[in-house]
Structures are given as C-alpha cells and as structure tokens.
2 protein chains.
Amino acid sequence: MADALAGVYSALGDTTRRGIVERLAHGELTVAEIRRPLRISAPAVSKHLRVLEHAGLVQRRRNGRHQVCVLQERPLIEAGRWIEAQTAFWSSSLDALAGYLSEEQQ
Amino acid sequence: MADALAGVYSALGDTTRRGIVERLAHGELTVAEIRRPLRISAPAVSKHLRVLEHAGLVQRRRNGRHQVCVLQERPLIEAGRWIEAQTAFWSSSLDALAGYLSEEQQ
DNA sequence: ACAACACTGAACCGAATGGTTAAGTATCGG
DNA sequence: CCGATACTTAACCATTCGGTTCAGTGTTGT
C-alpha cells in the first residue's frame, strides 16, 4: 500500500472494526469468537478481518479448523505517533503565536 | 454524532485530508491557501473541510471574504488516547501470557 | 465415510465517498 | 455599481463500502 497510515485510519474508522481491535487487544480470538457478539454474517466478519489484516493490524494463524487472530501493535504505534506529531506542531505553533503577540505588544 | 472516534478516524483515513491536517498543525490557513498545492477543485476542498469540521478537527472563522481554518487538538488527543489504551492492553495481555507460560513451565 | 463446523469466495445490492461542473452568495477594490 | 475573488450548494458520476445470500473448501469428531 502506498500510504500505510491511510489503511490504518480508515480501518479504524469503522465502529465494528474498532470494536474488534478493542477485543483483540485483550487477547487472541478465533474468527467465530469475534463473530459471536456481532449481529452480522460470517462473510461480513471475514471482510472486516481482511481490511484489518490489509492494514497490518491483525495477523491470522491456522489452528486446526480455527483461524486465530492476533492484534499487531506496530501500525497502532505508528498511527499514534502521527497524531502526536500533529499535536506537537499544533502546540508549538501556539507558542510561536504567543511569542509573536507578546513581541507585538512591546 | 453517535461515535465521535469513527468520525475522526475516517476523516484521517483520507490522504488528502491528513495532508490538510498536517499543514494546519503548522498554523491557520484560508481555504484558498489550503487549496493551492492541491490539484482538486474548490468544491472538493470544501467537502474535505466539511468532513474535518464535522469530525471536530477543524473550526472555521470568517475574515472578510476569506474563511480561516484552525486545527482543533481535542479530537486528535482523544484519538491518540484510544490508540494508547489499545497498545496498553495489548502489552498487558502479552505480560499475562508470559506469566502464564512461566507458571506452566514449573 | 460423512455430517457438522469454521470459515472464504463470488455475486449482488443500496448507501456513502471523492471527484467533477455549473450556478449561486458574499465581500472587497476601484 | 460592477467586476473579481472566495468560497458554498446542487446535481451528477464512478467507485468503494458494508452488508447480504449462496456456494465452496478444509478439518474434525463419530
């Protein structure tokens, strides 16, 4: 993917998928376990997982006839870093503005 | 909006919009300034800004015939917090697994 | 061997998305 | 007042998205 962050953020943009990520953060789950509390068809779950996997947020492993899904922290950390970078710029430009204004006053 | 985070993440899921946010993090910009380096029509920019505004990421203020756009940090911070929470759970469940495994071994 | 289970793939559907052009609304400069 | 500037709204278009159903593929227990 050209823009990895785009994949991560738009994956997290769906409430169902963000719910899946929240549950996977507490530990591995099979596809069936992921599906159980959700009121959607198995193929719908499969599609969501494909999106999460494509964003790098989830990895799957076969265990007999089950697919075990594991959350990958890396993309989450990178997404968090981008956000931190923006808020850092935001406050530093506020500081710059404050400095500018106090100079103006003198 | 029912789910504020969904709005924020899906707003950030678009590369053009994330670019706008990056530039706004360095300081205020008018709509025309935002548009300049972009190769899209004015209405397209207007739509992107509406999405960002609806997500709470941008606020607009009229200044003569210009609209000045200002980045809002709050939704970014909340989005960052959600991510941090998930990575925190992720590592604590890793710790739990490690603990479980070391107990098993004995 | 075979039925049940745990999925995935394909085809389809309606709604949302990102883009366009054309037309409208304010505001400013002369 | 009038033309130019800075947008927004409306209508449209192609693509994507989240969901469905139906049909397949492995795997497992009996």
Side-chain angles (χ1 to χ4, degrees), chain A residues 1-24 27-71 75, chain B residues 1-24 27-71 75:
Chain A
M1 186 176 308
D3 184 354
L5 277 186
V8 176
Y9 285 127
S10 49
L12 297 179
D14 181 272
T15 306
T16 301
R17 279 192 298 263
R18 221 171 43 260
I20 293 174
V21 168
E22 283 177 352
R23 291 170 56 214
L24 284 178
E28 306 181 348
L29 292 172
T30 68
V31 176
E33 286 169 337
I34 288 173
R35 186 191 171 192
R36 198 152 311 136
L38 269 34
R39 305 271 216 64
I40 57 181
S41 64
V45 174
S46 199
K47 283 188 183 183
H48 281 306
L49 289 176
R50 199 158 48 83
V51 172
L52 290 169
E53 195 172 25
H54 199 241
L57 285 163
V58 162
Q59 271 205 2
R60 285 187 253 193
R61 156 171 42 94
R62 258 215 113 77
N63 184 6
R65 62 179 151 177
H66 296 273
Q67 292 261 17
V68 182
C69 300
V70 190
L71 187 64
Chain B
M1 186 178 306
D3 184 354
L5 277 185
V8 176
Y9 284 127
S10 48
L12 297 179
D14 182 273
T15 305
T16 302
R17 278 193 298 263
R18 220 169 45 260
I20 293 175
V21 168
E22 282 177 352
R23 292 170 55 215
L24 284 178
E28 305 180 348
L29 292 172
T30 68
V31 176
E33 286 169 337
I34 288 172
R35 185 190 173 193
R36 196 132 34 217
L38 270 32
R39 303 273 215 64
I40 57 179
S41 63
V45 175
S46 198
K47 283 188 183 185
H48 281 306
L49 289 176
R50 200 157 45 83
V51 172
L52 289 170
E53 195 173 25
H54 199 241
L57 285 163
V58 162
Q59 271 204 2
R60 285 186 252 193
R61 156 173 43 95
R62 258 216 112 78
N63 184 6
R65 60 180 151 176
H66 296 274
Q67 293 260 15
V68 182
C69 300
V70 190
L71 187 64

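Order of the sequence lines fixes the chain letters, A, B, ..., with proteins taken first and strands second; residue numbering starts at 1 for each chain. Because only heavy atoms are used, hydrogens play no part in the values below, and waters and symmetry mates are left out as well, while side chains stay in.
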- line: Per-nucleotide protein contact along nucleotides 17-30 of chain D, 5' to 3', at a 4.0 Å heavy-atom cut-off (B base, S sugar-phosphate only, - neither), is -SBBBB----BS--
Does [X] make a side-chain N or O approach to OP1 or OP2 of [N] shorter than 4.0 Å?
{"X": "A:Ser46", "N": "C:dT8", "result": "yes"}
{"X": "B:Arg60", "N": "D:dC7", "result": "no"}
{"X": "B:Gln67", "N": "D:dA6", "result": "no"}

Between [N] atom [atom2] and [X] atom [atom1], what is the distance in whole Å?
{"X": "B:Arg35", "N": "C:dT20", "atom1": "CZ", "atom2": "C1'", "answer": "12 Å"}
{"X": "B:Leu49", "N": "D:dT8", "atom1": "CG", "atom2": "C1'", "answer": "11 Å"}
{"X": "B:Leu38", "N": "C:dT20", "atom1": "CG", "atom2": "P", "answer": "10 Å"}
{"X": "B:His66", "N": "D:dT5", "atom1": "NE2", "atom2": "C1'", "answer": "8 Å"}
{"X": "B:Arg50", "N": "D:dA10", "atom1": "CZ", "atom2": "C1'", "answer": "11 Å"}

message: Exactly one of B:Arg35, B:His66, B:Arg36, B:Gln67 should register a side-chain contact (heavy atoms from CB on, under 4.5 Å) with B:Thr30. Which one does?
response: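 Only match with B:Thr30 under side-chain contact (heavy atoms from CB on, under 4.5 Å): B:His66.
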message: To the nearest 0.5 Å, what is the distance between CZ on B:Arg18 and CG on B:Leu52?
response: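 If we round to the nearest 0.5 Å, B:Arg18:CZ and B:Leu52:CG are 11.5 Å apart.
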message: Please determine whether the number of non-hydrogen atoms from other residues, nucleotides or ligands lying under 6.0 Å from atom CZ of B:Arg39 exceeds 12.
response: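 Open.
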Residue pair B:Arg60 / B:Arg50, side-chain heavy-atom distance below 4.5 Å: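 Yes, at least one pair of side-chain atoms sits under 4.5 Å.
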message: For a quick test of reading the model, state the closest non-hydrogen atom pair linking B:Val68 to B:Glu28 and the distance between them.
response: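 Nearest pair, atom of B:Val68 first, then B:Glu28: CG1-OE1, 3.3 Å.
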task: Using atom types as modelled and distance alone, determine if a side-chain donor or acceptor of B:Arg23 lies under 3.5 Å from a backbone N or O of B:Glu33.
output: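 At least one qualifying donor-acceptor pair exists.
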